[in-house]
Amino acid sequence: MYKKAIGALGGRFMISREVKALCDEHGLGRWEMYFRGRCGVLGEVHPDVVLAAAPFFEPGFVRAMWEGGRSLPAEKAAVLFAGACADWGRRNLRFDGAGRLADLLTKATAAASPAAAPLFAGWRALPLPDDGPGRAAHALQVAREHRGGMHAVAVAAAGLDLLMATIVGSDESGAPLSYRSTAEVARFLSWPEPYPVPAEEDLAKRAHAERLTDALVAPAYDVLTDGEAAELGELLREAQSTVN
């Protein structure tokens with residue numbers, strides 16, 4: 001019900017001018033800042049720990065970017081990245097319901113189990129900004145990490161190769177996307193070509209993984225009343241309409 005909006009809004013700040021300013025200030029490339037910032041909540045860990053938490057990227061790329069950004073300590077990077085997230089929200093989520101959006105998302109994610117979702121747990125543990133737009137941006141990122149962690153579990157449970165999970169992909173309904181569009185995602189995640197062509201079995205596994213992801217995420221939102229659930233949907237639509 002909410003996955004498209006949360007997926008689109010939760011990570012939007014990561015390609016923002018706020019994050020670019022961090023890259024310029026600290027002399028890091030955008031991917032070095034991405035991994036140090038997003039995964040800095042794990043602490044100063046071995047790169048394979050980062051790979052375990054962000055498994056859909058090509059492994060060698062993850063290791064290189066994490067190590068390449070070590071000039072910026074992990075915990076500091078996480079705080080700075082979260083600050084950029086909040087600043088992005090202050091620029092883009094300036095609508096009356098931003099604080100309420102944050103409240104509803106936080107109510108749901110506070111009820112979610114952190115099991116098998118270390119980035120979700122780490123981002124949830126960071127302090128929330130005081131203002132509505134900043135809190136909304138942070139809450140969206142926390143909710144995005146929750147679904148991302150559950151999706152990694154679901155893909156593994158479906159017996160689907162990580163690259164193939166990307167190559168197949170799915171839309172909001174779980175239907176397979178075009179090979180061309182998902183190949184672009186694989187390139188973005190730094191997987192080298194040529195890419196495998198999905199078989200019917202892969203399509204079935206990917207659809208199963210999407211349904212399982214939905215099932216794993218749903219209990220968190222079950223804590224919302226029917227009225228709150230409908231309100232959250234409306235606020236997410238309003239948030240999408242405000243983003244530049």
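The figures here come from the full heavy-atom set of this structure, side chains too, leaving out hydrogens, waters and symmetry mates. All residue numbers refer to positions in the sequence shown, counting from 1.
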Over all atoms of both residues, closest heavy-atom pair of [X] and [Y]:
| X | Y | value |
| --- | --- | --- |
| Leu72 | Ala77 | CD2-CB, 3.6 Å |
| Gly11 | Arg144 | N-CD, 3.2 Å |
| Ala220 | Ala112 | CB-CB, 3.8 Å |
| Phe35 | Ala54 | CE2-CB, 4.4 Å |
| Ala53 | Leu119 | O-CD1, 3.5 Å |
| Gly89 | Pro133 | O-CB, 3.4 Å |

Taking the inter-plane angle between the rings of [X] and [Y] on a 0 to 90° scale, is it parallel (under 30°), tilted (30 to 60°) or perpendicular (over 60°)?
| X | Y | result |
| --- | --- | --- |
| His146 | Tyr221 | tilted |
| Phe57 | Phe61 | parallel |
| His151 | Phe56 | parallel |

Just to verify, which of Phe81, Trp88, Trp123 counts as forming a ring-ring contact (aromatic ring centres under 6.0 Å, His included) with His138?
Trp123
Separation between [atom1] of [X] and [atom2] of [Y], rounded to the nearest 0.5 Å:
| X | Y | atom1 | atom2 | value |
| --- | --- | --- | --- | --- |
| Leu236 | Glu231 | CG | CD | 10.5 Å |
| Leu101 | Leu104 | CG | CG | 7.0 Å |
| Arg206 | Ile167 | CZ | CD1 | 11.5 Å |
| Leu235 | Gln240 | CG | CD | 11.5 Å |
| His46 | Leu51 | NE2 | CG | 10.5 Å |

So does [X] have more than 12 non-hydrogen atoms from other groups sitting under 6.0 Å from [atom1]?
| X | atom1 | value |
| --- | --- | --- |
| Glu200 | CD | no |
| Asp96 | CG | no |
| Asp24 | CG | yes |
| Glu44 | CD | yes |

Within the structure provided, determine whether [X] and [Y] are in side-chain contact (heavy-atom separation under 4.5 Å).
| X | Y | result |
| --- | --- | --- |
| His26 | Arg36 | no |
| Leu140 | Phe13 | no |
| Lys76 | Val79 | no |
| Met164 | Pro198 | yes |
| Asp103 | Arg135 | yes |
| Met65 | Arg30 | no |

Report yes or no: do Leu105 and Leu128 belong to one cluster of Ile/Leu/Val/Met/Phe/Trp/Tyr joined by side chain heavy-atom distances under 4.5 Å?
no
Linked, directly or transitively: Ile15 and Met33 (ILVMFWY side chains, under 4.5 Å):
no
CA sep, side-chain torsions, deciding dist, call: Leu93, Thr242, side chain to side chain contact (heavy atoms under 4.5 Å, CB included):
CA-CA 6 Å; Leu93 300 176; Thr242 70; 3.8 Å; yes
Using a strict 4.0 Å threshold on nitrogen-to-oxygen distance, state whether [X] and [Y] make a salt bridge.
| X | Y | result |
| --- | --- | --- |
| Glu145 | Arg124 | no |
| Arg147 | Asp214 | yes |
| Glu58 | Arg63 | no |

Candidates Thr213, Asp161, Leu162, Leu212 - the one meeting side chain to side chain contact (heavy atoms under 4.5 Å, CB included) with Val155
Leu162
Evaluate Thr166 against Thr182 for side chain to side chain contact (heavy atoms under 4.5 Å, CB included), listing each step before the verdict.
CA-CA 6 Å; Thr166 300; Thr182 53; 5.6 Å; no
When you look at Tyr34 and Met14, which way does the side chain to side chain contact (heavy atoms under 4.5 Å, CB included) test go after all the steps?
CA-CA 7 Å; Tyr34 170 88; Met14 297 178 186; 3.3 Å; yes
List the residues meeting side chain to side chain contact (heavy atoms under 4.5 Å, CB included) with Glu67, not counting sequence neighbours, and say none if there are none.
Pro47, Arg70
Considering only residues two or more places apart or on different chains, which pairs with a residue in residues 5-18 satisfy side-chain hydrogen bond (donor to acceptor under 3.5 Å, both in side chains)?
Ser16-Glu18, Glu18-Arg91
Asp202: what forms a salt bridge (charged side-chain N to carboxylate O under 4.0 Å, His left out) with it, not counting sequence neighbours?
none
Steps toward salt bridge (charged side-chain N to carboxylate O under 4.0 Å, His left out) verdict (Glu238, Arg100):
CA-CA 12 Å; Glu238 188 172 357; Arg100 180 60 173 165; over 6 Å; no
Given the rule in the side chain to side chain contact (heavy atoms under 4.5 Å, CB included) test, do Val45 and Trp66 qualify, once you have shown the distances and angles that lead to the verdict?
CA-CA 9 Å; Val45 296; Trp66 181 252; 4.0 Å; yes
